[in-house]
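Notes follow the structure.
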Amino acid sequence: MELNGKRVTLGVSGGIAAYKAAELVRLLVREGASVRVAMSEAATHFVTPTTFQALSGNPVSVDQWDAGVANGMAHIQLSREADVLLIAPASADFLAKAVSGIADNLLTTLTLARDCPLLVAPAMNRQMWNNPATRRNIATLTGDAVGILGPASGEQACGESGLGRMLEPEEIVEELIAHFQPKPLKGRKVLMTAGPTFEAIDPVRGLTNLSSGKMGFAVARAAREAGAEVTLVCGPVALPTPRGVTRIDVCGALEMHARVMRLAATQDVFIGVAAVADYRPRIVSEQKIKKEDNPPPLIELVQNPDILAEVAALAHPPLCVGFAAETRNLAEYAEKKRRAKKIPLIAGNLVQDGFGGSANTLILFDEHGQQVLEPAPKLALARRLIARVAVLLENPHAPH
Ligand code: PMT
């Protein structure tokens, strides 16, 4: 329950994407948020207030002159009771009014009268989105510290395709969760690796391992939530990219090495979560190796470059963080790797805890010794790791 105790006022403006706001309310409530919905009159033509009332468990406001509100000021009450005002969908008309401070209905009045942060999820036809007026409005709202969520590109209700679709409800919830996280890495650049590597033997076979990418993707999400600009170089994994993270897909260790080294010198932090193959076949067969080929082929292996050690050896390296997965002697082996790679911090985990699942147990090793992080979901551990990274960026010798 990532939004436990958070009070969200959801403003629904008129547009076909209003139907997605119903699912959004369901997801927000599932994450523990208390949701109050305010609708524009136009929005009621797409979804009824009853739907939102049933999903949120709270009365829905449409009319700013709502007699049911004790002081007759629904706009003030809805804003004072909220930790965030989220407008989804936000129509072009709503955005234009918000820019000018027009307050001619409940949503716009609420927006003007608020004393909490405002996030908007625009939804409109691609030409309306690309219109210079909307571009100007978005620039002004950004300058006014309004969070702009999306929009996404794709098929639109009008039959056209392009930028202007409202983000999916799951994506908006992820953005909202990120909104509430502290931002100690604001303005920082974080480069990461995640997942396994795949070392080809022939066109259909290869050497790989059981890394799912979940730990690395959780760290990428946590770093982005903390305000960093995150680039994630990942081996073959079937996971959705965390919102706002730049993803570079690679296959083998050589490719991962090349992509990382191209970017490493300009980063503040490098975190190697990937389970990089130490070896690759010396020769990759161009043709599929046939069973009939006798005798059975011997695969000669050569060593892959150590990406983390190379980044740490740069003249001006970013703050380097490693991971170590061991089946035994975790403390001894993890600390040995930390020293060998000359990095300030390594996160150790047992193979049986770390690989594949959604939870993990991490022990952080640094110059002060070890810090055990209790078993927890990978995202929770990732946030703790990122908090430690942020501290070390400010003071490389900070105690636990
Ligand atoms: O993906 P999941 O299923 O969620 O699992 C997560 C994980 C168990 C893979 C992850 O938590 C983890 O422990 N990753 C490191 C695995 C490991 O043991 O790596 P290593 O001991 O081979 O390497 C140590 C460090 O050097 C790692 O940071 C690794 O990314 C880096 N390395 C290793 C070899 C190499 N050629 N280049 C590297 O950069």
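Read the numbers this way: they start at 1 and go in the same order the structure lists the ligands and their atoms. Excluded from the calculations below are hydrogen atoms, water molecules and symmetry mates; all remaining heavy atoms, backbone and side chain alike, are included.
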Determine whether V99 and M128 fall in the same hydrophobic cluster, where Ile, Leu, Val, Met, Phe, Trp and Tyr are linked whenever their side-chain heavy atoms lie under 4.5 Å apart. yes
Judged by modelled atom types alone, do E160 and N125 share a side-chain donor-acceptor pair under 3.5 Å? yes
Who's the nearest protein heavy-atom neighbour of atom 37 (N) of ligand 1, and how far? I307 N, 3.1 Å
Do N360 and D353 have side-chain N/O donor and acceptor atoms under 3.5 Å apart? no
Could you find the nearest protein heavy atom to atom 14 (N) of ligand 1 and give me its residue, atom name and distance? V273 O, 2.9 Å
Which ligand 1 atoms, with their elements, are less than 4.0 angstrom from a heavy-atom of G322? 28 (O)
Check each atom of ligand 1 against the heavy atoms of G213 and keep those under 4.0 Å away; list them by number with element. 1 (O), 2 (P), 3 (O)
Between ligand 1 and K378, is the shortest N or O to N or O distance under 3.5 Å? yes
Hydrogens and angles aside, do N105 and T108 bring a side-chain donor and acceptor to less than 3.5 Å of each other? yes
In ligand 1, the atoms that come under 4.0 Å of a heavy atom of K214 are 1 (O), 2 (P), 4 (O)
Could you give the distance from NZ (K189) to OG1 (T266), rounded to the nearest 0.5 Å? 4.5 Å
With a 4.0 Å cut-off on heavy atoms, is G356 touching ligand 1? yes
Report the C-alpha separation of E229 and R188 in whole Å, then their side-chain angles, then the decisive distance to 0.1 Å, and conclude whether the salt bridge (charged side-chain N to carboxylate O under 4.0 Å, His left out) test is met. CA-CA 6 Å; E229 185 185 321; R188 302 289 198 168; over 6 Å; no
protein heavy-atom neighbour closest to atom 39 (O) of ligand 1 works out as L308 N, 2.9 Å
Which residue owns the protein heavy atom closest to atom 20 (P) of ligand 1, what's the atom, and how far is it? K337 NZ, 3.7 Å
Inter-residue atom distance Q370.CD - I346.CD1, 0.5 Å rounding: 13.0 Å
Heavy-atom nearest pair, S285 first then P203, reads O-CD, 3.3 Å
To the closest 0.5 Å, what do you measure between CG (L118) and CG (L141)? 7.5 Å
Nearest candidate to atom 30 (O) of ligand 1, where distance is taken over non-hydrogen atoms, out of A340, P196, A274, G235: A274
Just verifying a value: how many Å separate R7 CZ and L78 CG, rounded to the nearest 0.5 Å? 11.5 Å
Distance to the ring centre below 6.0 angstrom and angle to the axis at most 45 degrees; does that hold for R165 and W129? no
Tell me the protein heavy atom at minimum distance from atom 5 (O) of ligand 1, and give that distance in Å. G354 O, 3.2 Å
In ligand 1, the atoms that come under 4.0 Å of a heavy atom of D278 are 34 (C)
Side-chain H-bond candidate by donor/acceptor type, T197 with E199, under 3.5 Å: yes
Using distance alone, determine whether G216 and ligand 1 share an N or O pair under 3.5 Å. no
Among all the protein's non-hydrogen atoms, which is closest to atom 7 (C) of ligand 1, and how far away is it? N349 OD1, 4.3 Å
Show the atoms of ligand 1 that are less than 4.0 angstrom away from any heavy atom in S212. 1 (O), 2 (P), 3 (O), 4 (O)
Checking a contact table here: which protein heavy atom is nearest atom 9 (C) of ligand 1, and how many Å away? S211 OG, 3.8 Å
With distance as the sole criterion, is a donor-acceptor pair present between the side chains of R280 and N304 under 3.5 Å? yes
Just how far is it from atom CE of M39 to atom NE2 of H45, taken to the nearest 0.5 Å? 9.5 Å
Residue-level breakdown please: for A325 versus ligand 1, do any non-hydrogen atoms fall below 4.0 Å on the side chain, on the backbone, on both, or on neither? both
Could you establish whether A253 and ligand 1 come within less than 4.0 Å of each other, counting only heavy atoms on the residue side? no
Is there at least one pair of N or O atoms, one from F323 and one from ligand 1, spaced under 3.5 Å apart? yes
Is ligand 1 less than 4.0 angstrom away from at least one heavy atom of E310? no
Does ligand 1 have any atom that is closer than 4.0 Å to a heavy atom of P305? yes
Close approach of G195 to ligand 1, heavy atoms, under 4.0 angstrom: no
So which bit of K341 gets within less than 4.0 Å of ligand 1, heavy atoms only: side chain, backbone, both or neither? side chain
For residues D366 and H400, is any side-chain donor paired with an opposing acceptor at under 3.5 Å? yes
Are any of the N/O atoms in G272 less than 3.5 Å from those in ligand 1? yes
Nearest protein heavy atom with distance in Å, relative to atom 6 (C) of ligand 1: M215 CB, 3.6 Å
